[in-house]
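Data block below; observations after.
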Amino acid sequence: MAFVPPIPDGGSYDRERTLEFEFVRATENAALQAIRWSGRGEKEKADAVACAAIAGVFDQLDIQGEVVIGEGIKDQAPGIFVGEKLGTWRPGAPRFDIALDPIDGTTNIAKGLPNSISVIAAAQVADGATHALRNLPSFYSHKIAYGPAVKAALDRHPGPSFLDRPLAEVLGFVAEALGKRVRDLVVVTMDRPRHDAIIRQVREAGSALRLISDGDITAAVAPSLPLSGVDLYLGMGGSPEGVLAAAALKCLGGDLQLRMWFDPARHPEHHAEVTAQVPAAELRRVFHVRDLVVGDSALFCATGITDSSLLPGVKLIGHQAETHSILMRASSGTVRHIQAIHQLDRKGTPMRESFLRGLDTSFR
């Protein structure tokens with residue numbers, strides 16, 4: 001069990017600072033388990049071992065953690081679900097809202113493609129508060145993410161949401177905020193038929209376009225990382241991934257604009273269910289980082305599984321593995337890049353075996 005020192009008398013103790021490395025240990029272990037399934041066409045098994053590794057770490061961690069963003073909603077895959085309790089739940093242990101995706105990019109893992117990470121976001125719940133992370137009921141959201149310079153420009157010159165402006169106008173605003181020409185901007189979106197209009201408009205404006213097959217958490221965080229080479233992310237992607245990205249952007253000083261989005265042709269029952277329960281004003285609402293991650297607390301950590309613009313993937317060399325992780329914390333503004341060498345023949349990985357029950361996770 002991980003030890004959390006008591007709060008000193010007459011002062012305050014920064015519990016996040018003690019716990020943050022335990023969160024990244026969980027994503028490291030998930031990545032080490034998942035990489036062995038790269039290219040094997042078994043995304044459910046990759047997801048299962050990653051979930052088992054994350055849950056195994058939290059089973060030893062002295063917190064009261066509640067999953068508010070979890071897995072398995074869109075495709076009924078095995079996963080750590082919303083409402084699940086993580087940690088020991090010892091009385092007096094700090095309370096955290098947790099959002100996670102043991103593998104963002106499961107299709108990429110199955111096909112042996114780049115751009116998959118294991119990711120966890122968390123926020124400590126303040127005394128008297130109900131939650132610190134918001135869970136949106138829609139499968140998908142329309143999202144646009146940008147870095148600190150664009151956020152500062154919007155603070156100085158507020159106007160209609162980017163989601164309600166013509167894309168050419170948005171690109172012009174972003175270019176001016178960054179001191180660039182529109183044709184020098186780099187825009188990322190997922191390669192999906194639903195983005196045909198976005199792809200056409202970005203190219204008509206003359207900006208460079210990068211299409212990704214999956215993994216839009218990485219893409220949404222990239223504009224807030226100085227060396228990513230990405231200026232803007234936009235498109236219709238998963239709502240849970242939007243909240244995970246929001247935690248990272250809170251740490252980095254960037255922002256996003258997000259509105260719930262539906263595809264009635266693919267998910268008619270889901271569309272009808274949500275619209276019947278959610279007020280029309282909430283369906284039209286544009287959420288920002290401050291609305292999705294409430295309060296001052298936020299942690300974000302991710303470990304690369306396969307190579308992405310955010311992180312290199314796991315490198316297996318004999319009985320050793322090299323991992324690359326990023327760990328961010330909003331209260332201090334610290335961003336750590338962690339490179340680790342794991343001795344696999346000596347490393348014990350705690351696993352929650354219930355995730356593996358009924359699955360043949362041996363290699364043929």
Side-chain angles (χ1 to χ4, degrees), residues 43-44 47 66-84 97 99-108 119 121 130-131 133-145 160-167 170 188-202 211-220 233-247 249 255-294:
K43 69 177 184 178
E44 289 82 8
D47 217 22
E66 181 177 353
V67 177
V68 297
I69 302 290
E71 275 206 302
I73 298 174
K74 293 194 291 292
D75 54 9
Q76 301 303 312
I80 302 174
F81 295 98
V82 173
E84 184 161 347
D97 278 354
L100 52 79
D101 196 344
I103 303 176
D104 179 39
T106 51
T107 299
N108 293 5
V119 57
T130 305
H131 281 293
L133 297 177
R134 184 171 188 130
N135 184 5
L136 300 175
S138 62
F139 290 165
Y140 297 101
S141 290
H142 187 186
K143 298 177 277 190
I144 186 163
S161 164
F162 276 173
L163 300 176
D164 296 320
R165 300 193 204 185
L167 185 50
V170 172
V188 173
T189 193
M190 286 193 290
D191 190 4
R192 299 287 191 274
R194 63 179 178 265
H195 294 154
D196 285 350
I198 291 173
I199 293 168
R200 184 185 68 253
Q201 291 172 50
V202 170
L211 296 175
I212 58 172
S213 61
D214 207 352
D216 70 340
I217 297 174
T218 295
Y233 165 76
L234 69 159
M236 283 71 81
S239 294
E241 289 83 354
V243 178
L244 280 155
L249 295 176
D255 203 358
L256 58 72
Q257 298 177 24
L258 178 154
R259 178 188 285 134
M260 287 184 275
W261 181 86
F262 300 90
D263 187 350
R266 290 184 61 197
H267 304 288
E269 294 180 358
H270 171 67
H271 179 246
E273 178 184 2
V274 175
T275 54
Q277 296 177 359
V278 177
E282 193 78 353
L283 293 172
R284 295 191 301 268
R285 180 179 176 183
V286 175
F287 295 90
H288 291 255
V289 165
R290 64 179 178 271
D291 306 309
L292 300 172
V293 186
V294 180

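Counting begins at 1 with the first residue of the sequence. Computed from a prediction, not measured in an experiment: that's the story for all the values here.
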query: What heavy-atom pair brings D216 and D104 nearest, and what distance separates the two atoms?
result: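 It is N-OD2, 3.8 Å.
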task: Kindly compute the distance separating CG (L136) from CH2 (W261), expressed to the nearest 0.5 Å.
output: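 L136 atom CG to W261 atom CH2 measures 15.0 Å (nearest 0.5 Å).
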- prompt: Step by step, would you call D291 with R134 a side-chain contact (heavy atoms from CB on, under 4.5 Å)?
  reply: CA-CA 8 Å; D291 306 309; R134 184 171 188 130; 5.7 Å; no
message: Quick check with a 6.0 Å cut-off and a 45 degree axis cone: is R266 positioned over the face of Y140's six-membered ring?
response: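 No.
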- prompt: Of all residues at least two apart in sequence or in a different chain, which pass the side-chain hydrogen bond (donor to acceptor under 3.5 Å, both in side chains) check with H270?
  reply: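 Expected list: none.
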Side-chain contact test, heavy atoms from C-beta onward, threshold under 4.5 Å: evaluate it for [X] versus [Y] and give yes or no.
| X | Y | answer |
| --- | --- | --- |
| E66 | H131 | yes |
| V278 | M260 | yes |
| L167 | L234 | yes |
| K143 | T189 | no |

- prompt: Between L283 and F262, does a side-chain contact (heavy atoms from CB on, under 4.5 Å) hold up when you go through it step by step?
  reply: CA-CA 10 Å; L283 293 172; F262 300 90; 3.9 Å; yes
query: Is R284 salt-bridged to D164, cutoff N-O under 4.0 Å?
result: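 Judged by the 4.0 Å cut-off on N to carboxylate O distance, R284 and D164 do not form a salt bridge.
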- prompt: So R285 and R259, side-chain contact (heavy atoms from CB on, under 4.5 Å) or not? Walk me through it.
  reply: CA-CA 6 Å; R285 180 179 176 183; R259 178 188 285 134; over 6 Å; no
